[in-house]
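The chains referred to below are lettered A, B, ... by the order of the sequence lines, with proteins before strands, and numbering in each begins at 1.
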Protein chains: 2
Amino acid sequence: MAQRRELIKGSIDSLLLCLIVEQPMYGYRIIKELESRSQGYFKFKEGTLYPALHRLEKSGLIQGRWQVLSTGQQRKYYSMTAKGKASLADSRTKWLDFLSAVSMIIRPSEA
Amino acid sequence: MAQRRELIKGSIDSLLLCLIVEQPMYGYRIIKELESRSQGYFKFKEGTLYPALHRLEKSGLIQGRWQVLSTGQQRKYYSMTAKGKASLADSRTKWLDFLSAVSMIIRPSEA
DNA sequence: GTATAATACCTAGTGACTCTAAGTATATGT
DNA sequence: ACATATACTTAGAGTCACTAGGTATTATAC
């Protein structure tokens, strides 16, 4: 029944890769970026995002590097690997396949 | 990484409701119907479908009734309840919201 | 000066749910 | 007799978002 949660579950990796391929990004920024781009729809919790980033890094799709700001603050910037780019292309295809399959069932018929 | 599986997870309830609202249906038929309508994309296993139907029935969205064919075979036909219809309308809205949110992130930009 | 909020990261535990893999039973075709 | 299709059931494994807690720094407000 937690429909929203489950829908998100299948797309979070693609969403993260989509942002990181544009430019290296750190976790906190990604959360804010997804929220603003989706006009408030996506509000990822840290408990969702950080494990997801670690998972992607472990799979070799992105690579993290610590950076220290002049203020002393630390940030972990993630950038895309070649493997990540390939995976993103693949994900996009899968997403479109899924979309077209669903649209064959869930027609925008009037209720 | 099991992207496909997770994508499906968020939409299976809506897909089932979509079919059942058209006409009462039984499990085995639903599996075949989803497969043919999606041109082979959806191939639900029994272990996925039957628990999902039981879940929907338990929530009061559909109602099952056993029917015995002239051959002696038994089938459990599920039909839509008022609550189910309302839920379907709601799911459709949620699905469209999700779609539009994702499309704001995953643009069909060239790889 | 000292709360409070914002920035920035981490993770153990819970709960939800698909799928695997097994089982039961009848009907039909070979 | 045996295989295949129809038709339903469920225990167990594996995955992963989210809750809820933690650490640490910086900036703003009172």
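- Remark: P of C:dC19 and CD1 of B:I31 are 11 Å apart, rounded to the nearest angstrom.
- Atoms CD (B:E33) and P (D:dT6) sit 13 Å apart, rounded to a whole Å.
- Using a 4.5 Å heavy-atom threshold, the side chains of A:E6 and B:D13 count as separate.
- D:dA17 atom P lies 5 Å from atom CD1 of A:I12, rounded to whole Å.
- Remark: A:K85 NZ is loosely packed, at most 12 non-hydrogen atoms of other residues, nucleotides or ligands lying under 6.0 Å away.
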(message) Return a single string for nucleotides 6-12 of chain C, one symbol per nucleotide in 5' to 3' order, where B is base contact, S is sugar-phosphate-only contact and - is none, cutoff 4.0 angstrom on heavy atoms.
(response) SBBBBB-

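- The NZ-P distance, from B:K45 to C:dT20, rounds to 5 Å in whole Å.
- The phosphate of D:dA17 has neither OP1 nor OP2 within less than 4.0 Å of any side-chain N or O from A:R4.
- Going from atom CD of A:E6 over to atom P of C:dC19 covers 12 Å, rounded to whole Å.
- Straight-line distance from the CZ atom of A:R55 to the P atom of D:dT15: 11 Å, rounded to whole Å.
- Rounded to whole Å, the distance from CG on B:L7 to C1' on C:dC19 is 16 Å.
- The CD1 atom of A:I62 lies 5.0 Å from the CG atom of A:L53; values are rounded to the nearest 0.5 Å.
- For the pair A:R4 and A:Y41, the distance from NZ or CZ to the six-membered ring centre is under 6.0 Å and the angle to the ring normal is within 45 degrees.
- In this structure, B:H54 and B:Y50 have tilted ring planes: the angle between them lies in the 30° to 60° band.
- Of the possible donor and acceptor atoms, one in the side chain of A:S38 sits under 3.5 Å from a partner among the backbone N and O of A:L34.
- One atom, NZ of B:K58, and another, C1' of D:dT10, lie 14 Å apart when rounded to the nearest Å.
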